[in-house]
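Reading through the structure tokens given below for one structure.
Throughout, a chain's letter reflects where its sequence line sits, starting with A, and its residues are numbered from 1.
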Number of protein chains: 2
Amino acid sequence: MSSSERTNFVEMLRDVKLKVTPQRIAILEQIQKNGHFSIEEIYEDVLKMFPSISLATVYKNIHSLMESDIIREIKVPGHKSKYQISGNSRSYMGCSVCGLVENIETPNKKAPSSASKWKIVDTMVMFIGICPKCKK
Amino acid sequence: MSSSERTNFVEMLRDVKLKVTPQRIAILEQIQKNGHFSIEEIYEDVLKMFPSISLATVYKNIHSLMESDIIREIKVPGHKSKYQISGNSRSYMGCSVCGLVENIETPNKKAPSSASKWKIVDTMVMFIGICPKCKK
DNA sequence: CTCTGTGCAAAGCGTTTGCAAACGA
DNA sequence: TCGTTTGCAAACGCTTTGCACAGAG
């Protein structure tokens with residue numbers, strides 16, 4: 001990871017009044033480095049860099065980071081939730097076979113008038129398909 | 001429920017080689033009648049009409065009905081999965097506060113070329129917002 | 001120093017499984 | 001009759017909680 005990324009996370013955390021702990025940074029770096037991760041995968045990867053971390057800590061952090069909108073939950077139907085650093089992309093390809101998630105460029109999308117009584121705060125487009133690996 | 005709806009479910013089940021049991025019909029009727037339901041809600045409502053049904057039966061049926069694509073799973077980030085009878089609509093409004101899901105008319109949507117290596121089988125658009133009730 | 005975060009172990013809950021009996025075809 | 005489904009209870013596995021200690025601010 002570059003130091004600018006680290007600085008980035010530190011600022012993000014300060015902005016939302018979360019303390020900057022090495023565990024938190026390690027979790028964020030893993031999520032950023034590897035894209036879309038389930039809790040289990042995040043835990044196992046952080047463990048390599050940070051052998052003393054506990055699963056409970058990962059869960060607690062995933063929650064507080066989601067509440068602060070630093071990370072975001074993505075779910076492909078039939079698979080476990082995955083997490084990614086919040087960003088502009090809200091369009092995903094999800095593999096129905098293995099659960100892989102990839103960001104794609106966002107097709108512009110407006111909520112139809114039938115939703116006018118709602119206050120719309122976000123738009124998510126998910127394409128469900130079969131990824132190149134699972135096609136074989 | 002109308003008898004045509006019942007007939008409908010019977011045919012759906014036969015088409016996919018699932019046996020027509022009263023429990024299955026009751027589950028399907030509840031889902032159809034009430035829109036988007038979590039497993040817990042389906043169970044509690046079916047229980048009123050069918051006091052002997054067990055939670056395990058609901059779970060088993062939700063799975064086989066999903067495998068046969070008779071019902072579909074929808075998940076609003078941060079809330080439990082809900083289920084609905086499969087249909088044409090694959091566009092939803094999801095309430096980030098209470099988890100309410102509503103179908104909306106589908107805005108046409110094509111996967112961008114960046115996804116060309118995938119085999120796309122479905123498209124789902126989800127608008128996240130705050131429903132009229134939670135706005136108050 | 002104070003308050004938040006961590007780690008551990010136990011508790012909690014939603015979901016799944018095994019099995020015998022009931023049921024649909 | 002044969003294979004599937006149901007209902008029950010036990011087992012499972014993921015997630016949360018309580019608490020004492022460590023660490024950030």
**Item:** Nucleotide-resolved protein contact map, nucleotides 1-7 of chain D, B/S/- at heavy-atom distance under 4.0 Å
**Value:** --BSSBB
In whole angstrom, what separates [X]'s [atom1] from [N]'s [atom2]?
X	N	atom1	atom2	result
A/Leu55	C/dG5	CG	C1'	16 Å
A/Arg14	C/dG5	CZ	P	14 Å
A/Ile62	C/dT6	CD1	P	12 Å
A/Glu44	D/dC14	CD	P	10 Å
A/Glu73	D/dC14	CD	P	16 Å

**Message:** Do B/Leu18 and B/Ser68 have side chains that approach each other closer than 4.5 Å (heavy atoms only, starting at C-beta)?
**Reply:** yes
**Asked** How about A/Ile62 and A/Ile39: do any of their side-chain heavy atoms sit closer than 4.5 Å?
**Response**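 Touching, per the 4.5 Å side-chain cut-off.
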**Request:** Let me know, please, whether B/Lys80 or A/Ser64 comes out on the 5' side of the other along DNA chain C by nearest nucleotide.
**Result:**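 Looking at DNA chain C, the more 5' nearest nucleotide goes with A/Ser64.
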**Evaluation steps, side chain to side chain contact (heavy atoms under 4.5 Å, CB included), between B/Gln84 and B/Ile74** = CA-CA 8 Å; B/Gln84 67 165 21; B/Ile74 293 123; 3.4 Å; yes
**Item:** B/Glu41 side chain vs B/Ser38 backbone, donor-acceptor pair below 3.5 Å
**Value:**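 Checking the backbone N and O of B/Ser38 against the side chain of B/Glu41, a donor-acceptor pair under 3.5 Å is found.
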**Asked** Just by distance, do the side chain of B/Arg24 and the backbone of B/Lys19 share a donor-acceptor pair under 3.5 Å?
**Response**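 Yes; judged by distance alone, with no hydrogens or angles, the pair exists.
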**Prompt:** Is the shortest distance from a Lys or Arg side-chain nitrogen in A/Glu73 or A/Lys80 to a carboxylate oxygen in the other one below 4.0 Å?
**Reply:** no
